[in-house]
Amino acid sequence: MDHAADAHRTDLMTITRFVLNEQSKYPESRGDFTILLNHIVLGCKFVCSAVNKAGLAKLIGLAGETNVQGEEQKKLDVLSNEVFVKALVSSGRTCILISEEDEEATFVDPSKRGRYCVVFDPLDGSSNIDCGVSIGTIFGIYMIKDNHEPTLDDVLQPGKQMLAAGYCMYGSSCTLVLSTGEGVNGFTLDPSLGEFILTHPDIKIPKKGKIYSVNEGNAKNWDGPTAKYVEKCKFPKDGSSSKSLRYIGSMVADVHRTLLYGGIFLYPADKKSPSGKLRVLYEVFPMSFLMEQAGGQAFTGKQRALDLVPTKIHERSPIFLGSFDDVEDIKALYAAEGKKE
């Protein structure tokens with residue numbers, strides 16, 4: 001990559017321009033989806049700025065204290081949630097919002113209602129804020145087919161019905177990865193312009209990777225196929241070299257690395273969490289959608305992740321996602337286990 005040449009590039013593909021270009025392929029579109037994405041992008045910029053100040057906020061008395069107006073200062077994850085809810089409602093394009101932070105769904109007032117349902121985790125990995133590890137926002141978008149009164153059933157749909165999904169990672173740079181069902185593209189925030197610029201066009205995950213990513217602290221509670229798979233990563237019987245273990249503990253960062261470098265990310269069910277730990281609607285589905293769009297796979301231990309039909313908004317599921325061949329290996333182990341039973 002020629003950074004010197006890049007510094008002088010004047011033809012910048014911003015995320016707004018990119019989405020408008022996509023929109024122009026559909027003459028019937030009214031621009032509602034573009035407006036919605038713009039509001040999501042604005043939320044991401046706001047959270048990015050707040051995350052960057054998180055350490056300083058403590059220093060200058062902004063976190064968990066009362067400010068001069070007598071308002072209680074909010075924790076970053078609560079603040080992020082409010083920012084996204086307000087941005088999405090004010091877009092005038094949403095009807096139902098499901099957030100990791102809110103127990104109940106938010107039904108948008110009829111005067112501000114649109115056709116889209118947005119599921120999101122406003123700040124995933126927020127326990128990592130204080131040690132400077134990458135954290136992120138994850139989102140998925142569904143559309144209501146006709147003009148009926150929106151109900152939870154409009155959101156409790158399999159992931160394959162999603163129109164778009166993405167995440168924004170707040171790390172050494174602020175990166176937004178997005179798919180509208182036509183491949184995956186990555187954008188990086190240029191702080192001097194305040195714009196997301198296309199830096200990773202058409203991301204494709206390698207067919208096989210050299211990295212596995214799992215919380216090995218849970219190993220004593222794993223089921224047979226997961227334990228066998230991890231054993232095989234460490235001590236391959238076919239003479240190939242072992243895989244490297246990389247686990248950050250922030251789903252956005254772990255999935256981002258998996259997407260770019262290949263390999264597999266696992267959060268299996270275990271004795272402690274028999275349904276897995278990650279939430280279906282706003283963690284498993286968006287990340288599985290992106291993986292499939294990039295040429296990878298996502299599997300729950302029983303089925304393709306995007307075929308899962310959720311029955312509750314905060315339902316959990318085991319997940320294995322990443323490079324096509326690596327996920328095939330774990331699928332084969334589950335199939336063999338199934339034959340034994």
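Contact of the Asp121 side chain with the Tyr282 side chain is registered, since non-hydrogen atoms from C-beta on lie closer than 4.5 Å.
Ser49 and Lys45 share no side-chain donor-acceptor pair at under 3.5 Å. For the residue pair Thr34 / Gln23, a side-chain donor-acceptor distance below 3.5 Å is found, with atom types taken as modelled. For Ser273 and Arg316, the side-chain atoms include no donor-acceptor pair closer than 3.5 Å. Under the 3.5 Å distance criterion, with hydrogens and angles disregarded, no donor-acceptor pair is assigned to the side chains of Tyr261 and Ser323.
Taking the charged nitrogens against the carboxylate oxygens, Lys228 and Glu231 have no contact shorter than 4.0 Å, which rules out a salt bridge. A salt bridge links Arg113 with Glu149: the distance from a Lys NZ or Arg NE/NH1/NH2 to an Asp or Glu carboxylate oxygen falls below 4.0 Å. Remark: Arg279 does not engage Asp124 in a salt bridge, criterion side-chain N to carboxylate O under 4.0 Å.
Across every non-hydrogen atom of Leu245 and Glu216, the tightest pair is CD2-OE2, 3.7 Å. Listed here is the closest heavy atom pair of Thr180 and Glu22: OG1-OE1, 4.2 Å. Residues His148 and Ile144 share a closest heavy-atom pair of CE1-CG2, 3.5 Å.
By the 30° and 60° cut-offs, the orientation of the rings of Phe84 relative to Phe120 is tilted.
More than 12 heavy atoms of other residues, nucleotides or ligands sit less than 6.0 Å from atom OH of Tyr247.
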